[in-house]
Number of protein chains: 2
Amino acid sequence: MGKGEHTRQAILDEAFSLASCVGVSGLSIGILAERTKMSKSGLFAHFGSKEELQLAVLREAQQRFAEVVLRPAFRQPRGLGRLRAVVVNWLDWTREANLPGGCVINAAAAEFDDQPGPLRDEVRRGLTALRRALVETVAKAVEAGELRAETDTEQFAFEMEGIYQVTQQSRRLLNDPDADRRALVAFDRLVRDYAVPTEKE
Amino acid sequence: MGKGEHTRQAILDEAFSLASCVGVSGLSIGILAERTKMSKSGLFAHFGSKEELQLAVLREAQQRFAEVVLRPAFRQPRGLGRLRAVVVNWLDWTREANLPGGCVINAAAAEFDDQPGPLRDEVRRGLTALRRALVETVAKAVEAGELRAETDTEQFAFEMEGIYQVTQQSRRLLNDPDADRRALVAFDRLVRDYAVPTEKE
DNA sequence: GAATTTATAGAACGATCGTTCGTTTATGTC
DNA sequence: GACATAAACGAACGATCGTTCTATAAATTC
């Protein structure tokens, strides 16, 4: 059981970075076969259907995200430090993972948000998991006494995602060189507003 | 020169709402002909190429956005009131315009952000114009003395866009019923942080 | 109402799509 | 090394894609 898995992963790698550019629904088996120097049918056999290939790409994206963004950040002790590590890793995970064309999951979210089916379900699953991870990380910062006890953790995570999305768009489409800086400014403002009050001035 | 323009607009209307669901690159002349009860070639003749049709859809989107979001808001006197009107109109412009599948422009931004060509240029043009309109509206609120003089207007607009994007995603994909409320919470926090200080408490 | 321009239809093109099938080549096992 | 299994190929399928061409129908102009 060695060879099969190996080439399957190679295909998936290529599909992953291709999807980053043309979107998950823009994937084409013909083009993918060309890039991997395989026959269409040989490649196809690894997945059984195009949809299954697309699903595999989405799952791959989630897994890499967890590896590249969440896992390293979670080595930090819980609290604002960890939260900030998530943000920093998140902001350039498209560089870290092989994503020449930007975040696959967010692109897929826009593609499938109103097309019912397994693909949308998978995207939803991924983004829900992300949201939950963010909420938890924020909650840990509350527990650690670094954010106010009455912090609305869902609201906090919601706003973090907004910062991420606009940063991606500004950087990629508008070529805004200040995007990352602005993202951190926004994040710091978010933290400041929910931080425990220190002393009056 | 009556009939031609009329059917062209009818096609565009259909293409607009279709693109809202399947994306601008997901548009198909065959399906569009079916929906408008025209022949493929008859429909095609109005645009000359698929790309021209897609461009027309993007321009249509920009125009409707200006009509539905910006124009009504600009009837308010300049300042925070107008700014808030922009946000409110913006948040549900997908309901106001015929956009069953969400904001065409933002979806297109994710589709084309790394595919050079006229389509990406058009998306960029639209989003740049939007950004500029936002910055100006914020600047007017500064002039009106409602936001601090040292307000970073670009930063403000940047964060507004983030709020919009995450709201769309939360509402559409995650079916979050609180999305709109959270958007307003985030916006109010934004305003509060940049508002002119009233009195110490 | 005839003439002329404009709009639409119909059929066909080559290309590509995802998928199926039968065959051949490579791999792993005894 | 023979055998069984798995992996990859090549050719072809029907469907759909965007596009082109020619002919008919409708609208506009005189």
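Throughout, protein chains are lettered first and strands after them, A, B, ... in sequence-line order, and every chain is numbered starting at 1.
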I need the Glu60(A) CD to Asn98(A) CG distance, nearest 0.5 Å.
10.5 Å
Residues 113-163 of chain A vs ring pair (Phe, Tyr, Trp, His ring centres under 6.0 Å), sequence neighbours excluded, gives Phe156(A)-Tyr194(A)
Test: salt bridge (charged side-chain N to carboxylate O under 4.0 Å, His left out). Region: residues 71-91 of chain A. Which pairs qualify, not counting sequence neighbours?
Arg78(A)-Glu143(A), Arg84(A)-Asp188(A)
Which pairs count as salt bridge (charged side-chain N to carboxylate O under 4.0 Å, His left out) when at least one residue sits in residues 14-41 of chain A, sequence neighbours excluded?
Glu14(A)-Arg35(A)
From NE2 of His6(A) across to P of dG28(C) the rounded distance in Å is 12 Å
Without decimals, in angstroms, what is the distance between His46(B) NE2 and dG18(D) P?
17 Å
DNA chain C contacts among residues 108-116 of chain B, heavy-atom distance under 4.0 Å:
none
Can you check whether Leu32(A) reaches Phe44(A) side chain to side chain, under 4.5 Å on heavy atoms?
no
d(CG, Leu43(B); P, dA7(C)) in whole Å
13 Å
Report, one pair per line, the protein and nucleotides 10-13 of chain C atoms (nitrogen or oxygen only) whose separation is under 3.5 Å.
residue: dG10(C); atom: N7; partner: Ser41(B); partner atom: OG; Å: 3.0
residue: dG10(C); atom: O6; partner: Ser41(B); partner atom: OG; Å: 2.8

So CD of Gln62(B) and CG of Leu127(B): to nearest 0.5 Å the spacing works out to 8.0 Å
Rounded to whole angstroms, how far apart are CD on Glu5(B) and C1' on dT6(C)?
12 Å
Here the side-chain hydrogen bond (donor to acceptor under 3.5 Å, both in side chains) pairs for residues 86-97 of chain B, sequence neighbours left out, are Trp93(B)-Tyr164(B)
Does any pair with a residue in residues 107-117 of chain B pass side-chain hydrogen bond (donor to acceptor under 3.5 Å, both in side chains), and if so which ones, sequence neighbours excluded?
Arg172(A)-Asp113(B), Arg172(A)-Asp114(B), Ser25(B)-Glu111(B)
Using every non-hydrogen atom in the two residues, find where Arg8(B) and Ala56(B) come nearest and quote the distance to one decimal.
NH2-CB, 3.9 Å
Rounding to an integer number of Å, can you tell me how far Lys3(A) NZ sits from dT25(C) C1'?
10 Å
Near DNA chain C, which residues from residues 12-38 of chain B have a heavy atom under 4.0 Å away?
Lys37(B), Met38(B)
In residues 176-186 of chain B, what donor-acceptor pairs under 3.5 Å come from side-chain atoms, sequence neighbours left out?
residue: Asp176(B); atom: OD1; partner: Asp178(B); partner atom: N; Å: 2.8
residue: Asp180(B); atom: OD1; partner: Arg171(B); partner atom: NH1; Å: 2.9
residue: Asp180(B); atom: OD2; partner: Arg171(B); partner atom: NH1; Å: 3.1
residue: Arg182(B); atom: NH1; partner: Asp152(A); partner atom: OD2; Å: 3.0
residue: Arg182(B); atom: NH1; partner: Gln155(A); partner atom: OE1; Å: 3.1

Does a side-chain heavy-atom distance below 4.5 Å link Gln63(B) with Arg59(B)?
no
Taking only residues two or more places apart in sequence, or in another chain, which ones meet Arg120(A) in a salt bridge (Lys or Arg N to Asp or Glu O under 4.0 Å)?
none
Suppose we screen for ring pair (Phe, Tyr, Trp, His ring centres under 6.0 Å). Which residues come up paired with Phe112(A), at least two apart in sequence or across chains?
none
Please give me every residue in residues 47-59 of chain B whose heavy atoms get under 4.0 Å of an atom in DNA chain C, ordered by residue number.
none
